[in-house]
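Just so we're clear, the structure is a prediction, and the values are computed from it rather than from any experiment.
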Amino acid sequence: MKTHMPFPEKGLEEAAIWQAMAHAGQGDVDWRGGRLPGFYVHFANDDVDRVGKIALEKFHATNALGLSAFPSIKKFESEVVEWALSLFHANGGAASITSGGTESIFIAMKTAREWAKANRPEVTKPKMLLSHSAHPAFDKAAKYLSLDVVRILPRADFKTDIDALKAALDDQTIIMAGSAPQFTIGVFDQIEELAAIASSRNVWFHTDACIGGFFSPFAEQNGHPIPPWDFRVEGVKSISADLHKYGFAPKGASIVAFSDASYQRYQVFDFDNWSRGRYVTSTFAGTRSGASIAAAWAVMRYLGNQGYRKIAEQIWQVREKLIREIPVIDGLFVYGEPELTVMSYGSKSLDVADIAAGLAAKGWHTVAPSPNPPAINLGILSLAFGEVVDAYLADLRQVVAQLTAGDNSFDHSLVGTYGAR
């Protein structure tokens, strides 16, 4: 029988707590120093980080379940939602702040399912149709919502195979989705074409812009060509976009947005068969911290449109350097044609797992390569990584040269994992 660690009988002095926490954090990656290329932490700069932390502290005790008690949180959420809908070019519409992209996708899928019950009552085995590149959060939502999922293998350019999707589309399909951009290769699915197909069959269409939702608008303003993805595309009914990625808000904060405010009646959980009375929530959580909502508001208000445009351009230049420099390294290539700031690269002659181990040995937190296609994913580029991108490229050249020379002594146990214990 396993014996568990007993709960401490006595409390610690405050200084001892901070000492213990500092010790525990010694093995954490140096994300502020950019040693975490594109994963987990989306850092703008010290000033933005400071503003978010102060807002978290000021509103740490607030509860967004009780907006009548905390009208400040109601104000912050309503304004962030309005800003998001404006950036997504909504004509009306509605939105909510969630805890992250997974919840945003879940809420969108739950809304779509309830919409289909009302508008497609003939459906008995509701199905979701996706490209293989769509985020696992769709399958996670489907598991909770009792939806079948069909994933279609992508085309050679990693975009959705439209012909294969049409062949799989049937009278039980209630949801289709596209990524803007995909998490691994960084290309956009053909949102206009997919949304048009969905609309013609009375199927709900969702754009997953968890990565690009708060980057694409500013990159477009800066003159960079961004494929159509938002509510300007006819047929897009919902969008997920993470505030804690390129919105640079502290975790966890994301937006789920709808093209029509009437869809919210399918979103809301409304329960009145309870001794306490009526209970209504628009997100999965009941109690949810108002601090993350306040922090998102503070960061967005601090940066404004001009601040986001400036950061977007700085990160875009990091993207350009990587796309330019990686293929120059012996045998390496960038997959597809990345359309935002997510990309992956592979090798024509080396095992990418060996390259990952070599980078990890040089102090880069490198996540295990993607298996299909075999690639090292640079994730979601940040300004912190931009400050050390030249050092990363130099180390990458050295690792490739060492492996090419036949020296494969790197410790693979140093390679990190993504989304795994």
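- Inspection of the Q264 and Q267 side chains reveals an N or O donor paired with an N or O acceptor under 3.5 Å.
- For the side-chain hydrogen bond (donor to acceptor under 3.5 Å, both in side chains) condition, the pairs that include at least one residue of residues 347-361, sequence neighbours left out, are D354-N408, D354-H412.
- Not counting sequence neighbours, the partners of F284 by the ring pair (Phe, Tyr, Trp, His ring centres under 6.0 Å) test are F106.
- Ring geometry for F248 against Y308 counts as parallel: the plane angle stays under 30°, on a 0 to 90° scale with 60° as the upper cut.
- With sequence neighbours excluded, the residues satisfying side-chain hydrogen bond (donor to acceptor under 3.5 Å, both in side chains) with K321 are D390.
- Listed by chain and residue number, F231, K237, Y263 satisfy the side chain to side chain contact (heavy atoms under 4.5 Å, CB included) test with S259 (two or more places apart in sequence, or in another chain).
- Annotation: ring pair (Phe, Tyr, Trp, His ring centres under 6.0 Å) contacts of F158 (sequence neighbours excluded): Y335.
- Checked by atom type, the side-chain pair S240/S104 shows no donor-acceptor distance below 3.5 Å.
- Residues meeting the side chain to side chain contact (heavy atoms under 4.5 Å, CB included) test with Y279, sequence neighbours left out: L65, F269, W274, T281.
- S72 is linked by a side-chain hydrogen bond (donor to acceptor under 3.5 Å, both in side chains) to nothing, counting only residues two or more places apart in sequence or in another chain.
- Qualifying side-chain hydrogen bond (donor to acceptor under 3.5 Å, both in side chains) partners for T283, counting only residues two or more places apart in sequence or in other chains: none.
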Please set out all donor-acceptor pairs under 3.5 angstrom arising from side-chain atoms of residues 218-229, sequence neighbours excluded.
| from | atom 1 | to | atom 2 | distance (Å) |
| --- | --- | --- | --- | --- |
| E220 | OE1 | R232 | NH2 | 2.9 |
| E220 | OE2 | R232 | NH1 | 3.2 |
| Q221 | OE1 | N305 | ND2 | 2.6 |
| Q221 | NE2 | N305 | OD1 | 3.3 |
| N222 | OD1 | R309 | NE | 2.8 |
| N222 | OD1 | R309 | NH2 | 3.2 |
| N222 | ND2 | F218 | O | 3.3 |
| N222 | ND2 | R309 | O | 3.0 |
| H224 | ND1 | W316 | NE1 | 3.3 |
| H224 | NE2 | E313 | OE1 | 2.8 |

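- Listed by chain and residue number, D270 satisfy the side-chain hydrogen bond (donor to acceptor under 3.5 Å, both in side chains) test with R278 (two or more places apart in sequence, or in another chain).
- For the side chain to side chain contact (heavy atoms under 4.5 Å, CB included) test, no residue two or more places apart in sequence or in another chain qualifies with S199.
- A donor-acceptor pair shorter than 3.5 Å cannot be found between the side chains of Q182 and K159.
- Side-chain contact check for S344 and N377: at least one donor-acceptor pair (N or O, by modelled atom type) lies under 3.5 Å.
- Residues passing the side chain to side chain contact (heavy atoms under 4.5 Å, CB included) test with A401, sequence neighbours excluded: none.
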